[in-house]
Protein chains: 4
Amino acid sequence: MKDKRILTGETISVNIGKIRVGGDHPPIYIAGPCSVESKEQIMEAAFALKEIGVDVLRGGAFKPRTSPYAFQGLGIQALEYLKEAGEAAGLPIVTELMDEGHMDVVMEYADIIQVGSRNMFNYSLLKTLGGLNKPILLKRGMCATIQEWIMAAEYLALHGNKRIILCERGIRSFDNYTRNTLDLAAVPIMQKETGLPVIVDPSHGTGIKELVAPMSRAALACGADGLMIEVHPDPPCALSDGHQSLTFEEYSRVRKNV
Amino acid sequence: MKDKRILTGETISVNIGKIRVGGDHPPIYIAGPCSVESKEQIMEAAFALKEIGVDVLRGGAFKPRTSPYAFQGLGIQALEYLKEAGEAAGLPIVTELMDEGHMDVVMEYADIIQVGSRNMFNYSLLKTLGGLNKPILLKRGMCATIQEWIMAAEYLALHGNKRIILCERGIRSFDNYTRNTLDLAAVPIMQKETGLPVIVDPSHGTGIKELVAPMSRAALACGADGLMIEVHPDPPCALSDGHQSLTFEEYSRVRKNV
Amino acid sequence: MKDKRILTGETISVNIGKIRVGGDHPPIYIAGPCSVESKEQIMEAAFALKEIGVDVLRGGAFKPRTSPYAFQGLGIQALEYLKEAGEAAGLPIVTELMDEGHMDVVMEYADIIQVGSRNMFNYSLLKTLGGLNKPILLKRGMCATIQEWIMAAEYLALHGNKRIILCERGIRSFDNYTRNTLDLAAVPIMQKETGLPVIVDPSHGTGIKELVAPMSRAALACGADGLMIEVHPDPPCALSDGHQSLTFEEYSRVRKNV
Amino acid sequence: MKDKRILTGETISVNIGKIRVGGDHPPIYIAGPCSVESKEQIMEAAFALKEIGVDVLRGGAFKPRTSPYAFQGLGIQALEYLKEAGEAAGLPIVTELMDEGHMDVVMEYADIIQVGSRNMFNYSLLKTLGGLNKPILLKRGMCATIQEWIMAAEYLALHGNKRIILCERGIRSFDNYTRNTLDLAAVPIMQKETGLPVIVDPSHGTGIKELVAPMSRAALACGADGLMIEVHPDPPCALSDGHQSLTFEEYSRVRKNV
């Protein structure tokens, strides 16, 4: 199969403005709240994280929630807040695209477009994103095999877009002590198979804030090209994922000690 | 959580033209090839299956394939062939919608719109389909928990569409002897939790044609409201899923002996 | 691999006294409490179950409990009670052997020796049991692949004992709505691969008493050679597995309606 | 549940002769071949590994093999070779006990007794080992939840033996690219929950020799108290697990770079 692939394992590094990810470049640090909840919240986060040494600001505008009764995100308004905060603090931004109907607005605002875990198998979306000239953060599906994840990246590459950053975020297993089972072996495997940068999301990968620090160290130790971590000004009041979000102070310690 | 739900467990039966599924109605039989491959193929299938006693004709137009290099379906042309075959043989048709961009044409042609396993977590798609007055065949995600599957149905119901037929099609497990692990306990569970009809797809649920007959009997024995089975005029030559497809003769025996 | 096997798929039926299991013989019904709790309890169960039409009485003497602080079974005394009850009611008995140190006493009392799910990979135990002339009920390990289960049976057969009854009892998956995921496709698969009788335990396979009836019907519909079901005189007071145990009356309905 | 436990999370370090594992002690390095195959092989391994800086020599005498037709280990003779090699090179030894019938001879020869993954649920064995004054290396069951692994350690502790070293060795998941899914989050979790030392086995945890180095670094980065790695004088000729075994030279590089 491999000889048919576009992503042959040859190293591909991805640029986001002046930042470069992958290959021999230093790890990239992406952080921010699960959801953009207000202008004040994301503005505060942007400045605090910039000072701590973050490279890219994350924040959810459209949230894929298991329950239709849960908070679904502020939508386009969230994108505007996120863009404004990123520009004010001097940070590029990443956000998830769930719906091709929002393509234009996400293209306009986001510096990196995230394909979430629930959409890794959404081949229509992948084909469309394959036609763009914009970096794509391709999260692993929660039950995607290595082979399926490689093929999802091939969908993007075959349609023309090789500006792909892969993100291991935990897979589903029989155990429910952690939210997901963080599969760090996927980091060197995917780097070797595709040549693409692979970052790790220990927040979703464990779902437990105390595990973010040790799993961040482990991720970088096995060669991850970056970390994406959920940080919130006030985790207990977060509208989503508060239990796995760090405070600025906690994140600052993680950032220093990896 | 249950008291918030729209689908409370009260029995809901779904009509497709004159056919009714769910509640005390007899099982519904859906069959057809994985992909519509030509006008001749689907026309032959439609007439043969009608004679065997099928209620609904299935056929894929847009195929969600793991590899971008695999056959992706004939697209809109397939829909036209499928509709023509269904009308000629007097069978309503079901096909999968992967992309909201194809909504209009699928709405025009299909009698039931299928949400495939890879799109069960595609909440944008579910919200859109929730706004239609058209039966939805909601397949279980390959790693969806019972709770997540219930919530996917709630997405449809909350947006206004309760014409939902659930389909158990196997989940992912550690074993790879079968393509998936058919979780038949999900049939009585989902019937009780949602009140909706639940059908079973033993073709994808096992991936082995010899297992289609015993698993079809088991599905009906535990109360399934119908069966969806892959049948192809010439399985060894099928462009997709040939190994799990039955011939007309094999299907006829299954149909008689359930 | 198959050509090396002793169990080649040729039908093997197993006799327990005058009862024969497997091949074209009618299904065997095994029932009884999870644990033998007192002489009165097991005696009451034996007579009630005999009247309902049970073929073999089950009851645990040595219990493999996840927690060392949970009830561990009455041990040898339980075996004595179980044997006495079985003889009084005219029922052969099956009980689990966990420890080779109890081999002599279990050999003396039991008509069938059960290898529990947690011991399917205990190859020392399998080798020892392979040397006996006594029927073995080999439960599938909770995470055993089909291939591993076949090989566990081969351990018994290679050491001389082909009096093997296989028991599907559910496997571990990512979902926890049910205690285990009952893998009914394993019934026809294991029958074909080994030729041995395969029975189903819907009590452990689901962990939910309301699912025992539909899953029993499904098991027989796909060809199971018997059913093993937990029944207790007073489930809410059971020392173990009360939530999945049926009353005599509930079991009687299951027995009549399969 | 936690308040009933003996292992409360208070740090317990374990001594093997002069070596101490756990707490603030430096990581312990355990290495050796999967199976003891001959006196020459294990003797060569012992001296080579001692020079590279190994603390404990491993080698299998009784091998739990999926197939009864696979090499089952040299048994007691292997123990004698292993002991002789360990003494000659000045290394304590660890080996797996599968069968209580071998308890005396294993007690005599081994410095650490290993409970393999397939026996973590063997509560009879755990109770017996709980009565010994000998360090136990308790591998995680391949489908054991965190809670079940904690309880297996409690079985040992409740019966009197707290000289326990836990070993994460990968769990079973839906993916088969790697032999197992190495669950490194289990390292900080089990340390916190039990207070015991937790080591990691990246050889079984991945099954791919190229992944041993990055996963070893990741394991130590998240706080593992040691590493157990398969090393063989001539991996392609190994009687078991050759594909995941390192040469002395490869191991030497891993040892220097963690």
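A, B, ... follow the sequence lines: proteins, then strands. Residue 1 opens every chain. Side chains included, hydrogens not; waters and symmetry mates left out as well; all remaining heavy atoms used. None of the values given here were measured: they were computed from a predicted structure.
The choice from B/S173, B/S216, B/A144, B/G223 that makes the most heavy-atom pairs within less than 4.5 Å of chain C is B/A144. Per-residue heavy-atom pair counts under 4.5 Å with chain C were compared for B/P188, B/G205, B/A218, and the maximum is reached by B/A218. Note on B/A219, B/A221, B/P202: by heavy-atom pairs under 4.5 Å with chain C, the leading option is B/A221.
Checked by atom type, the side-chain pair C/E230/C/Y251 shows no donor-acceptor distance below 3.5 Å.
Side-chain atoms of B/E148 come within 3.5 Å of backbone atoms of B/T145 as a donor-acceptor pair (strictly under, hydrogens ignored).
Proximity to chain B (any heavy atom under 4.5 Å) is restricted, for C/L211, to the side chain, taken from C-beta onward. Heavy atoms closer than 4.5 Å to chain B are found nowhere in C/A213, neither backbone nor side chain.
Classification of C/D175 and B/R140 as a salt-bridged pair holds, one side-chain N sitting under 4.0 Å from a carboxylate O.
Using bins of under 30°, 30° to 60° and over 60° for the plane-to-plane angle, the ring pair B/H159/B/Y155 lands in the parallel bin.
With B/D241 as reference, B/R179 is the one residue of B/R58, B/R65, B/R179 to meet the salt bridge (Lys or Arg N to Asp or Glu O under 4.0 Å) rule.
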